[in-house]
Structure formats: C-alpha cells, structure tokens
Amino acid sequence: MTLLAVVLVCAAAVSLVLVFGLYNVAGNLQHLQPAHAVLEFALRQSVRVNARDIDVPPLSDPATVDRGALCYQQKCLQCHGGPGVAAADFGQAMQPLPGPLIDATQRWHARELYWITRNGLKMTGMPAWEHRLSERDLWSVVAFLQELPQLSPQQFASRLGVHTTRAERCEISEAAPSRLGNAERGKRALYAYACVGCHTVAGTVQSNPQIGPPLDGMARRTRIAGVLDNTRDNMVHWLRETETVKPGTAMPAMNVGEQDAHDIAAYLSTLK
C-alpha cells in the first residue's frame with residue numbers, strides 16, 4: 001500500500017507539472033537531469049535490443065571507408081562535426097546536443113551504429129536515413145566511424161578534401177525500383193518526407209495539421225490533385241513531379257525517391 005501511494009503521488013505530481021506547463025520545453029535550456037537520464041536509458045536499451053540480431057558485413061575495405069567519408073561529409077558533418085571541424089550553428093544549438101562521433105565506437109557496436117543511422121532516434125534531431133541512403137552507404141558510414149577515432153584533424157580534413165571536388169553524391173540508387181511498392185515502408189516514408197506535417201492520416205501519430213487535405217480515403221478518390229486519374233502510376237508521377245503536374249500548386253517538391261514514391265503510392269492505396 002505504501003508503494004502504491006508513492007506511485008500515485010508521483011503520477012499526480014508529474015500530471016500537475018504537465019497540465020500547468022511547468023516543464024520548460026525551450027530549446028535553449030537543457031532537460032532536467034532526471035528527464036535526461038530516463039531518455040538516455042530508454043535510448044540505450046532500445047538500440048541494443050533492436051540491433052542485437054543484425055549481421056555486420058566486412059567494414060575494413062578502403063573503398064567502403066572512403067565512401068563512408070563522402071557520406072559523412074554530406075549527411076553527418078553539419079550536426080556532429082569532426083576532429084578540428086565544428087558542427088554547423090544549428091547542430092551546436094540543438095537539444096539534446098548531437099555531439100561529436102569521435103567516441104561513437106566506444107559507446108556503440110557497429111550493428112548499433114548501423115541501426116541508429118538507418119532508423120534515427122525519437123526525441124532527438126537524429127533523422128532516419130533509411131530513405132536517403134542505400135544499404136551500401138549506411139554501412140559505409142559505419143565503416144568510416146570505425147576509423148574516425150584514429151584520424152588527426154589534418155587527416156580528417158584531408159579525407160574530406162578528397163571529396164570536395166567530386167560531383168558524386170550519397171543518394172539511393174534508382175536503378176531498379178519495385179513498381180509493386182511496399183505499403184509498410186511507404187507508411188514510414190510519410191514521416192521521412194514530412195508528409196504528416198501537412199496531411200492528417202488515420203493511424204499515424206502526429207499533430208493536427210490544417211494545411212493540406214487529409215489523406216484518409218485516398219483509395220476511394222477518383223482524382224489526384226484534381227488533375228490526374230487516381231492510379232498507382234499517376235500517384236508516383238504526382239509525388240515526384242509535383243510542379244510539372246500542377247504548376248503553381250502549394251504542394252512543394254519533396255525530392256521523393258522513385259522507390260519511395262512507389263511505396264507511398266502502395267500505402268495510400270490501402271486507405272479505403
């Protein structure tokens with residue numbers, strides 16, 4: 001009974017803090033230490049459990065590490081910086097702080113670094129790169145992180161300097177997209193491309209945007225944006241060539257990858 005009373009009192013106290021807005025969510029203040037400790041514990045346990053069955057491929061190939069340096073420069077440097085290189089201003093001011101990755105291999109196994117890079121982390125600014133990087137590039141980033149602790153500032157700068165003159169980009173190859181689409185992956189892509197920032201979708205966790213029309217019932221609609229017949233191929237065309245399909249539309253071009261567009265179209269076709 002004593003334990004139950006303590007739990008109820010704690011729950012009441014937390015409820016009062018939330019209801020009356022007493023927990024300051026300002027981004028220029030750190031979390032209170034108890035909140036930070038709880039989130040850190042949940043993060044570590046979740047990553048370790050979810051990454052435990054991932055098989056790690058060979059990561060020592062110089063070409064793989066070199067590719068990882070390119071991807072790190074284009075996708076990671078802005079928030080995490082590197083030896084002798086500061087993060088961008090927005091990366092320095094984020095809460096929780098992304099922090100340097102020089103010691104990442106001391107805190108995480110390779111399979112865990114892959115899982116974090118691929119899936120991102122809730123309650124942080126870490127995005128999921130599943131829809132922006134190929135499997136090859138996800139692992140190449142992990143390979144580069146294995147080498148990062150050994151790089152001096154000069155060596156790190158040299159690594160990045162190799163790529164500054166190249167036009168090569170770390171992007172998902174569109175060589176052979178599956179036209180069938182994967183509805184479950186398409187649902188995740190709605191978050192990756194910020195679709196839920198403007199559109200409400202039943203069954204997704206989001207705020208309540210009032211910008212674009214709700215996507216519920218897309219499978220029953222006859223037209224897309226009022227200009228295209230509602231078919232899978234036309235939906236892919238609309239997602240990838242928005243301005244071309246409807247010049248002047250408020251729907252921005254989101255640079256949706258071809259496979260992602262097929263996956264999103266497959267998911268929208270399930271919304272009866």
Open item on the list: Within this structure, what is the OG1-CD1 distance for the pair Thr200 and Ile211, rounded to the nearest 0.5 Å?
Closed with: 11.0 Å
Task: Atom pair CG (Leu138) and CD (Glu130), whose distance is rounded to the nearest 0.5 Å - done: 8.5 Å
Task: Shortest non-hydrogen contact between Met235 and Ala265, atoms and distance - done: CG-CB, 3.8 Å
Task: From Cys79 atom SG to Met126 atom CE, the distance as rounded to the nearest 0.5 Å - done: 9.0 Å
- [ ] Run the salt-bridge test on Glu147 and Arg159 with the 4.0 Å N-O cut-off and return the result as yes or no.
- [x] yes
TODO: Answer whether the closest heavy-atom distance between the side chains of Phe144 and Leu101 falls below 4.5 Å.
DONE: no
TODO: Give a yes or no answer on whether the side chain of His199 reaches the backbone of Leu215 with a donor-acceptor pair at less than 3.5 Å.
DONE: no
Open item on the list: When you compare the side chain of Val236 with that of Arg240, does any pair of heavy atoms fall below 4.5 Å?
Closed with: yes
TODO: Please name the pair of heavy atoms, one in Thr231 and one in Ile224, separated by the smallest distance, quoted to 0.1 Å.
DONE: O-CD1, 4.0 Å
Open item on the list: As an exercise, state the distance from CE of Met123 to CG of Leu43, rounded to the nearest 0.5 Å.
Closed with: 7.5 Å
Task: Close side-chain approach of Pro149 to Thr105, heavy-atom, < 4.5 Å - done: yes
Task: Student check: side-chain heavy atoms of Arg67 and Leu70 closer than 4.5 Å - done: yes
Task: His131 and Arg188: CA distance, side-chain angles, deciding distance, side-chain contact (heavy atoms from CB on, under 4.5 Å) verdict - done: CA-CA 9 Å; His131 299 276; Arg188 296 199 301 274; 4.0 Å; yes
Open item on the list: Show, in sequence, the C-alpha distance, side-chain angles and deciding distance for Leu271 and Val201, and conclude whether the side-chain contact (heavy atoms from CB on, under 4.5 Å) test is met.
Closed with: CA-CA 9 Å; Leu271 301 180; Val201 187; 4.0 Å; yes
TODO: Indicate yes or no: at least one non-hydrogen side-chain atom of Pro83 is less than 4.5 angstrom from one of Ile102.
DONE: yes
Open item on the list: Given 3.5 Å as the limit, does a donor-acceptor pair link the side chain of Gln45 with the main chain of Ala42, or not?
Closed with: no
- [ ] Examine distances only and state if a side-chain atom of Asn50 and a backbone atom of Ser46 form a donor-acceptor pair shorter than 3.5 Å.
- [x] yes
- [ ] Using modelled atom types only, decide if a donor and an acceptor are shared between the side chain of Gln78 and the backbone of Ala87 within a distance under 3.5 Å.
- [x] no
Task: Exercise: do His31 and Tyr23 side chains pair donor with acceptor under 3.5 Å - done: yes
Open item on the list: So which atom in Lys272 and which in Ala219 form the shortest heavy-atom distance, rounded to 0.1 Å?
Closed with: CD-CB, 3.9 Å
Task: Same cluster (ILVMFWY, side-chain, under 4.5 Å), Leu39 and Val17 - done: no
Task: Criterion salt bridge (charged side-chain N to carboxylate O under 4.0 Å, His left out) on Glu135 and Arg118, from CA distance to verdict - done: CA-CA 9 Å; Glu135 282 293 300; Arg118 184 180 190 274; 3.5 Å; yes
- [ ] Taking the side chain as every heavy atom from C-beta outward, state whether Leu121 and Ile116 have any atom pair closer than 4.5 Å.
- [x] yes
TODO: Calculate, to the nearest 0.5 Å, the distance between atoms OG1 and CG belonging to Thr270 and Leu268 respectively.
DONE: 7.5 Å
Open item on the list: Do Thr124 and Pro98 make a side-chain contact, defined as non-hydrogen atoms from C-beta onward lying under 4.5 Å apart?
Closed with: no
Task: Same cluster (ILVMFWY, side-chain, under 4.5 Å), Leu113 and Leu151 - done: yes
Open item on the list: Do Leu3 and Leu8 sit in one hydrophobic cluster, given that two such residues count as connected whenever their side-chain heavy atoms are within less than 4.5 Å of each other, even indirectly?
Closed with: no
Task: Joint hydrophobic cluster, Trp129 plus Met94, side-chain heavy atoms closer than 4.5 Å - done: no
Task: Sequence-distant partners of Trp139, ring-ring contact (aromatic ring centres under 6.0 Å, His included), two or more places apart - done: Tyr114
- [ ] Starting at NZ of Lys75, measure out to SG of Cys170 and round the result to the nearest 0.5 Å.
- [x] 7.0 Å
Open item on the list: Please find the pair of heavy atoms, one from Leu160 and one from Ala69, that lie closest to each other, and give the distance.
Closed with: CD2-O, 4.1 Å
Open item on the list: Tell me whether Cys76 and Cys71 have SG atoms closer together than 2.5 Å.
Closed with: no
- [ ] Can you see which heavy atom on Ala261 is nearest to which on Leu239, and at what distance?
- [x] O-CD1, 3.8 Å
Task: Qualifying side-chain hydrogen bond (donor to acceptor under 3.5 Å, both in side chains) pairs with a residue from residues 212-224, counting only residues at least two apart or across chains - done: Arg223-Asp229
Task: Side chains of Ser269 and Arg232 in contact at under 4.5 Å (non-hydrogen atoms) - done: yes
Open item on the list: For the residue pair Arg185 and Tyr267, would you count it as a cation-pi contact if the rule is NZ or CZ under 6.0 angstrom from the ring centre and within 45 degrees of the ring axis?
Closed with: no
TODO: Grab the two heavy atoms, one from Tyr193 and one from Asn255, that are nearest each other, plus how far apart they are.
DONE: CE2-O, 3.6 Å
- [ ] Say whether, by atom type as modelled, one donor and one acceptor occur between the side chain of Glu241 and the main chain of Trp238 under 3.5 angstrom.
- [x] no
Open item on the list: Tell me if the CD atom of Gln30 is crowded by more than 12 foreign heavy atoms within 6.0 Å.
Closed with: no
Task: Arg48 to Trp115, cation-pi by 6.0 Å centre distance and 45° axis angle - done: no
Open item on the list: Assigning hydrophobic clusters by single linkage (Ile, Leu, Val, Met, Phe, Trp, Tyr; side-chain heavy-atom cutoff under 4.5 Å), is Val56 placed with Val141?
Closed with: yes
Task: Backbone N/O of Ala11 and side chain of Ser15: donor-acceptor pair under 3.5 Å - done: yes
